[in-house]
Amino acid sequence: SKYIPHSKTLILMIDTSVYSSDKEEFLQCFNVFLQGKKIADGFNNALDLQNYQNGLIMNSINDNLDNGIQNIIIIGHHPITGIKYKKKKNKKTGKEEEKIDTLNDIAEFTEVLNNIYNIAGNINYYYLCADYHSYQTGEIVVQYGENTITINQYIAGIGGTSLDHEISPENMNRPYTINDTNYNITYIPNENIHNWGFLVCRIKNEGVEFEPHFIDDTKISVGGKKNIRNSKKRKTKRKIKRKTKRKTKRKTKRKTKNK
């Protein structure tokens, strides 16, 4: 964690894998990675691992409460929620179809958000993540008991790998909901850009700003479109040169035979 005094901003970098459905698979890695860091016996199960990270999060907030916290920026890998195309079987036809799906890969993290809100209160919350390979921003409202937590989420999985299916404009700026026994989530996506780039976060005295930067995809792409085109041209030129050389050699051979 990092506290920035001039803007009263607390940055929390967390591992969201400990809240995912396959969290048990990471236990052995964490036991090796955190060896000697005041964890003598290691983690027996995923709940121990979650409690350890949750403790670090709450300690960071409590340590900076007296300084005053106006903004909390949480950085994780998985989105809290989001929308993307997923292949689903049509029950009538039996064929696979691509449909919009609401992400909910770290459902157990919702309780942590509620605990953060209980300590820090009604301040500005931002969540930065990746996993989904496109740029998507939106507002998340988590209703957990009597608490209503509003979070501005920025998904920026646009570092260079193949992009996910592009989302059409009619699927934007409308609410998507996740209902659970303990909480309800409403998500309104307001921007989805199908391109590569990166996200800049500026922490100023007056607040926090986020600015995405995108590449010119007419020139560069995964593997490099421009380079691919150039190399194709070079290959064709080489092929033509080889063919002309062979033809000339054959002609000269025939001429020498005729003589």
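Heads up: numbering here begins at 1 and tracks the sequence.
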Using only atom types and a distance under 3.5 Å, with no angle test, would you say the side chain of T9 pairs donor to acceptor with the backbone of S7? yes
Under the criterion side chain to side chain contact (heavy atoms under 4.5 Å, CB included), which of V112, N118, I119 is the partner of I116? V112
Decide if atom CG of N67 counts as having more than 12 heavy atoms of other residues, nucleotides or ligands within a radius under 6.0 Å. yes
For E206, does the CD atom sit with more than 12 other heavy atoms under 6.0 Å from it, leaving out its own atoms? yes
Looking at Y187 versus Y176, is the centre-to-centre ring distance below 6.0 Å? no
Check for me whether the distance between the ring centres of Y135 and F214 falls short of 6.0 Å. yes
D48/N51 under side-chain hydrogen bond (donor to acceptor under 3.5 Å, both in side chains): CA gap, chis, key distance, verdict: CA-CA 5 Å; D48 287 348; N51 289 336; 4.9 Å; no
How long is the straight-line distance from [atom2] of [Y] back to [atom1] of [X], given to the nearest 0.5 Å?
{"X": "I188", "Y": "Q153", "atom1": "CD1", "atom2": "CD", "value": "13.0 Å"}
{"X": "H78", "Y": "I155", "atom1": "NE2", "atom2": "CD1", "value": "12.0 Å"}
{"X": "Y126", "Y": "I203", "atom1": "OH", "atom2": "CD1", "value": "10.0 Å"}

Applying side-chain hydrogen bond (donor to acceptor under 3.5 Å, both in side chains) to N173 and N190, what does each step give before you reach the verdict? CA-CA 5 Å; N173 296 302; N190 50 46; 5.7 Å; no
Residues E191, Q136; criterion side-chain hydrogen bond (donor to acceptor under 3.5 Å, both in side chains); working and verdict: CA-CA 5 Å; E191 192 177 22; Q136 188 178 120; over 6 Å; no
I'd like to know whether E170 forms a side-chain hydrogen bond (donor to acceptor under 3.5 Å, both in side chains) with S168, so could you lay out the CA-CA distance, the side-chain angles of the two residues, the decisive distance to 0.1 Å, and finally the verdict. CA-CA 6 Å; E170 61 265 25; S168 51; 3.2 Å; yes
Is the ring pair Y183/Y144 parallel, tilted or perpendicular, if the boundaries are 30 and 60 degrees? parallel
Do [X] and [Y] come within less than 4.5 Å of each other through their side chains, counting heavy atoms only?
{"X": "N124", "Y": "V208", "answer": "no"}
{"X": "Y127", "Y": "I140", "answer": "no"}
{"X": "L12", "Y": "I72", "answer": "yes"}

